[in-house]
Amino acid sequence: IINTGNNSGKGHLRKYELKKSCAVYGIDEGNVSIIDDKHLQDDPTLKWSPDRIAFFVEDMVQEFGITNVVTFGPNGVSGHPNHKDVHLGVKCFAQKFRSRMSVYFLMDTKLSRKYLSLLDTLLSYFIDFL
């Protein structure tokens with residue numbers, strides 16, 4: 001993960017949430033790495049360098065032997081600028097290494113659908129079958 005998400009002072013909580021969610025998916029805590037780079041701090045007013053993000057993604061891919069990367073779509077979550085920058089950074093990384101691994105970008109949805117939660121799951125299910 002790129003950083004602790006500490007923009008609102010909740011970095012310790014975000015670390016805990018990350019480790020717990022990884023455990024649900026069977027990801028060992030030793031395979032969870034949080035990059036706390038001073039140029040990639042959680043702040044929607046800061047622009048993150050795609051090259052810097054690509055560097056860290058490449059480093060993690062090599063360190064952990066990662067073969068698949070899943071990240072934000074072009075609009076991030078709710079249009080968050082840092083999420084958009086992560087998308088660009090992973091895209092930059094993918095252009096260099098596309099033959100060696102798979103990179104998946106989440107589909108963006110409208111903000112209103114994000115907050116519909118369970119209803120959106122049902123809506124998405126039916127849309128797929130139309």
Side-chain angles (χ1 to χ4, degrees):
I1 188 112
I2 297 295
N3 67 42
T4 61
N6 198 34
N7 187 40
S8 58
K10 296 182 180 178
H12 64 287
L13 177 60
R14 298 294 177 247
K15 284 182 186 179
Y16 173 79
E17 292 170 340
L18 174 66
K19 290 177 181 179
K20 284 297 200 183
S21 63
C22 287
V24 167
Y25 289 101
I27 300 170
D28 184 82
E29 189 173 319
N31 290 330
V32 177
S33 182
I34 299 172
I35 299 162
D36 199 16
D37 184 87
K38 68 180 181 178
H39 299 288
L40 300 173
Q41 294 300 303
D42 182 26
D43 184 342
T45 65
L46 297 177
K47 177 84 174 127
W48 291 358
S49 162
D51 290 329
R52 192 168 193 84
I53 294 166
F55 167 81
F56 283 115
V57 172
E58 180 181 354
D59 189 49
M60 294 293 108
V61 163
Q62 290 176 353
E63 181 179 342
F64 294 105
I66 296 169
T67 57
N68 297 295
V69 175
V70 179
T71 191
F72 302 108
N75 285 325
V77 174
S78 307
H80 193 297
N82 299 150
H83 298 175
K84 292 177 179 183
D85 293 337
V86 169
H87 170 83
L88 293 173
V90 173
K91 192 173 177 181
C92 177
F93 164 79
Q95 290 170 343
K96 294 180 191 174
F97 297 95
R98 83 175 63 165
S99 64
R100 291 191 247 160
M101 63 180 322
S102 298
V103 177
Y104 301 95
F105 299 101
L106 298 175
M107 285 180 46
D108 292 328
T109 60
K110 295 191 184 304
L111 190 58
S112 58
R113 287 186 65 188
K114 174 185 173 188
Y115 294 104
L116 289 174
S117 189
L118 183 58
L119 292 175
D120 184 54
T121 303
L122 294 171
L123 178 62
S124 296
Y125 176 78
F126 289 113
I127 287 173
D128 282 346
F129 288 101
L130 293 179

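- A donor-acceptor pair under 3.5 Å is absent between the side-chain atoms of Asn75 and the main chain of Asp108, judged by distance alone.
- Tracing side-chain contacts under 4.5 Å through hydrophobic residues (I, L, V, M, F, W, Y), one reaches Ile66 starting from Phe105; they form part of the same cluster.
- Every residue meeting the salt bridge (charged side-chain N to carboxylate O under 4.0 Å, His left out) condition with Asp37, not counting sequence neighbours, appears here in chain and number order: Arg52.
- With hydrogens and angles disregarded, a donor-acceptor distance shorter than 3.5 Å links the side chain of Asn3 to the backbone of Leu40.
- Between Gly11 and Asn6, the shortest heavy-atom contact is N-OD1, 2.7 Å.
- Residue Leu106 is not grouped with residue Ile27 when hydrophobic side chains (ILVMFWY) are merged at heavy-atom distances under 4.5 angstrom, including chains of intermediate members.
- The nearest pair of heavy atoms linking Asn82 to Asp43 is OD1-N, 2.9 Å.
- Asp59 meets the side-chain hydrogen bond (donor to acceptor under 3.5 Å, both in side chains) test with no other residue; sequence neighbours excluded.
- In this structure, Leu46 CG and Gln41 CD are separated by 8.5 Å, a value rounded to the nearest 0.5 Å.
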Please report, to 0.1 Å, the donor-acceptor pairs under 3.5 Å made by any side chain of residues 88-96, with sequence neighbours excluded.
none

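- Here ring-ring contact (aromatic ring centres under 6.0 Å, His included) pairs that include residues 8-48, with residues two or more places apart or in two chains, number zero.
- Listed by first then second residue, pairs satisfying salt bridge (Lys or Arg N to Asp or Glu O under 4.0 Å) with a partner in residues 21-30 read Lys19-Glu29, not counting sequence neighbours.
- Residues passing the side chain to side chain contact (heavy atoms under 4.5 Å, CB included) test with Ile34 are Ile1, Thr4, Lys15, Leu18, sequence neighbours excluded.
- Applying the salt bridge (Lys or Arg N to Asp or Glu O under 4.0 Å) test to every pair with at least one member in residues 73-90, sequence neighbours left out, gives these pairs: Lys47-Asp85.
- Judged as a ring pair (Phe, Tyr, Trp, His ring centres under 6.0 Å), and not counting sequence neighbours, Phe55 has no contacts.
- Partners of Asn68 under the side chain to side chain contact (heavy atoms under 4.5 Å, CB included) rule, at least two apart in sequence or in another chain, are Ser102, Tyr104.
- The side chain to side chain contact (heavy atoms under 4.5 Å, CB included) search around Pro81 returns Pro44, not counting sequence neighbours.
- The pair Glu17-Arg14 meets the salt-bridge criterion, with a side-chain N (NZ, NE, NH1 or NH2) lying under 4.0 Å from an Asp/Glu carboxylate O.
- Not a single salt bridge (charged side-chain N to carboxylate O under 4.0 Å, His left out) links Glu58 to another residue, sequence neighbours left out.
- The ring-ring contact (aromatic ring centres under 6.0 Å, His included) contacts involving residues 60-84 comprise Phe72-His83, His80-His83, where partners must be two or more places apart or lie in separate chains.
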